[in-house]
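These notes are about the structure you will find just below.
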Amino acid sequence: MSQILTIRTPDDWHLHLRDGAMLRAVLPETTRHFARAIIMPNLVPPVITGADARAYQGRIMDALPENSNFTPLMTLYLTEDTDADDLAAAHKSGLIHAVKLYPAGATTNSASGVADFDKVRGVLDRMAEIGCPLLVHGEVTDADIDIFDREAVFIDRVLDPIRRTTPDLRVVMEHITTSQGVDYVRGAGKNLAATITTHHLIINRNHILVGGIKPHYYCLPVAKRESHRLALRAAATSGDARFFLGTDSAPHTDAGKLSACGCAGCFTATNTMSILAQVFEDEQALNTLEGFTSLNGPAFYGLPVNETTLTLTKGTAIDYGEKIITEEGEVTLFDPGFSLHWHVTP
Ligand code: DOR
Ligand code: ZN
């Protein structure tokens with residue numbers, strides 16, 4: 001019996017597109033299934049000013065496949081020197097939709113991030129005033145904090161104090177990986193939401209480390225123990241509008257991943273919708289898939305939902321291939337560890 005599900009075209013509320021040859025190679029993987037995406041600003045050098053964002057938006061538009069209606073939703077990278085007036089102007093003009101906070105040193109290309117949170121207090125106040133969301137990479141970077149505890153400690157030491165001091169600031173906890181993250185969002189009001197990636201619904205830390213190290217499952221925040229994965233699946237499929245999809249699809253070449261000091265990131269743009277349909281089917285929650293991928297995000301960002309639709313049809317096993325080829329090298333696609341049967345028709 002074939003199962004068919006038609007939903008509003010999804011958006012990706014957290015995406016790494018990179019630049020240059022990598023941008024040109026990975027962009028079609030997203031535009032095939034998604035209408036819009038929040039574009040991460042962690043380029044080298046980062047997207048810090050309105051002018052940087054305008055230029056990067058132009059490069060993305062130039063790289064779009066022919067006849068694509070995809071809209072990149074630009075963001076700025078918060079630094080201790082961010083100019084609040086420039087930020088406010090970029091937000092007012094509709095150029096940027098959010099500002100990303102990377103604690104300095106937390107992840108790929110985060111060296112220009114924030115070390116002293118008091119230095120960005122004025123900018124956060126201004127963002128609260130103008131309604132510009134803050135997207136947080138929610139991990140502390142203190143050397144004495146265990147990597148598996150960094151999200152929970154960030155909530156207590158950084159995020160909760162910021163939200164108490166600036167209650168009107170709208171915040172998205174990006175790529176949450178813990179039950180503490182889920183519970184913190186559930187216990188908060190309308191100004192807090194969270195994105196959840198595809199891969200964190202599939203893997204726990206055993207997948208990375210048992211039976212040989214699996215660099216393609218290494219990302220940040222790192223996947224946690226199984227109870228946390230189950231909490232994320234429950235949140236994503238619950239229908240609670242404060243949780244929505246942000247794939248964090250983050251391409252690195254195999255040379256960058258398969259090294260003595262491998263890069264963090266899972267590349268999921270290509271097969272995310274097939275994987276998610278299977279996850280939601282397994283959780284007997286196909287009825288909440290559209291909310292997670294297509295409705296909850298626009299509601300939080302105050303944007304209209306997409307008018308177009310996407311159809312998912314269950315059928316024979318799909319072969320998405322193992323890698324995509326780029327001028328910079330091969331990029332390995334995330335392997336969910338089970339075969340995919342949900343075909344995606346835009
Ligand atoms: O795994 C990750 N990869 N986490 C991030 O926060 C950054 C991303 C990247 O840019 O590669
Ligand atoms: Zn990311």
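Whatever order the structure lists ligands and atoms in, that order sets their numbers, starting from 1.
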Would you find a donor on one side and an acceptor on the other, under 3.5 Å apart, between the side chain of His14 and the backbone of Asp248?
-> no

Please state which protein non-hydrogen atom is closest to atom 4 (N) of ligand 1 and give its distance, to 0.1 Å?
-> Leu220 O, 2.7 Å

How does Glu174 reach ligand 1, if at all, at less than 4.0 Å between non-hydrogen atoms: by side chain, backbone, both, or neither?
-> neither

Just jot down the ligand 1 atoms closer than 4.0 angstrom to any heavy atom of His252, in number order.
-> 9 (C), 11 (O)

What protein heavy atom is closest to atom 7 (C) of ligand 1, reported as residue, atom name and distance in Å?
-> Thr107 OG1, 3.3 Å

Under 3.5 Å donor-acceptor, Asn271 side chain and Phe334 backbone | yes

Which atoms from ligand 1 have a heavy atom of Ala250 less than 4.0 Å away?
-> 3 (N), 8 (C), 9 (C), 11 (O)

N/O/S atom of His175 inside 2.8 Å of the Zn ion (ligand 2), strictly under = no

Answer yes when Arg36 and Asp12 have at least one side-chain N-carboxylate O distance shorter than 4.0 Å, and no when they do not.
-> no

Assess whether side-chain contact (heavy atoms from CB on, under 4.5 Å) is satisfied between Glu322 and Glu330, documenting all intermediate values.
-> CA-CA 10 Å; Glu322 207 183 314; Glu330 294 181 340; over 6 Å; no

SG (Cys219) and NE2 (His200) are apart, to the nearest 0.5 Å, by 3.5 Å

Side chain, backbone, both or neither: the part of Asn42 lying under 4.0 Å from ligand 1 by heavy atom | side chain

Using non-hydrogen atoms of the residue, decide whether His14 is closer than 4.0 angstrom to ligand 1.
-> no

So the atoms of ligand 1 within less than 4.0 Å of a heavy atom of Cys219 turn out to be 1 (O)

For atom CG of Asp282, is the number of surrounding heavy atoms from other residues, nucleotides or ligands below 6.0 Å larger than 12?
-> yes

Consider ligand 1: state whether an atom of it lies below 4.0 angstrom from any non-hydrogen atom of Met40.
-> no

Below 4.0 angstrom from a heavy atom of His137, which ligand 1 atoms are there? Numbered from 1 as shown, please.
-> 6 (O)

So does Asp248 have any N/O/S atom less than 2.8 Å away from the Zn ion (ligand 2)?
-> yes

Part of Ala264 within contact of ligand 1 (heavy atoms, under 4.0 Å) = both

Ile60 and Leu27: CA distance, side-chain angles, deciding distance, side-chain contact (heavy atoms from CB on, under 4.5 Å) verdict = CA-CA 8 Å; Ile60 296 169; Leu27 185 56; 4.1 Å; yes

For the pair Glu281 and Lys314, find out whether any cationic side-chain nitrogen is under 4.0 Å from an anionic carboxylate oxygen.
-> yes

How are the rings of Trp13 and Tyr301 set relative to one another: parallel (under 30°), tilted (30 to 60°) or perpendicular (over 60°)?
-> parallel

So does His16 have any N/O/S atom less than 2.8 Å away from the Zn ion (ligand 2)?
-> yes

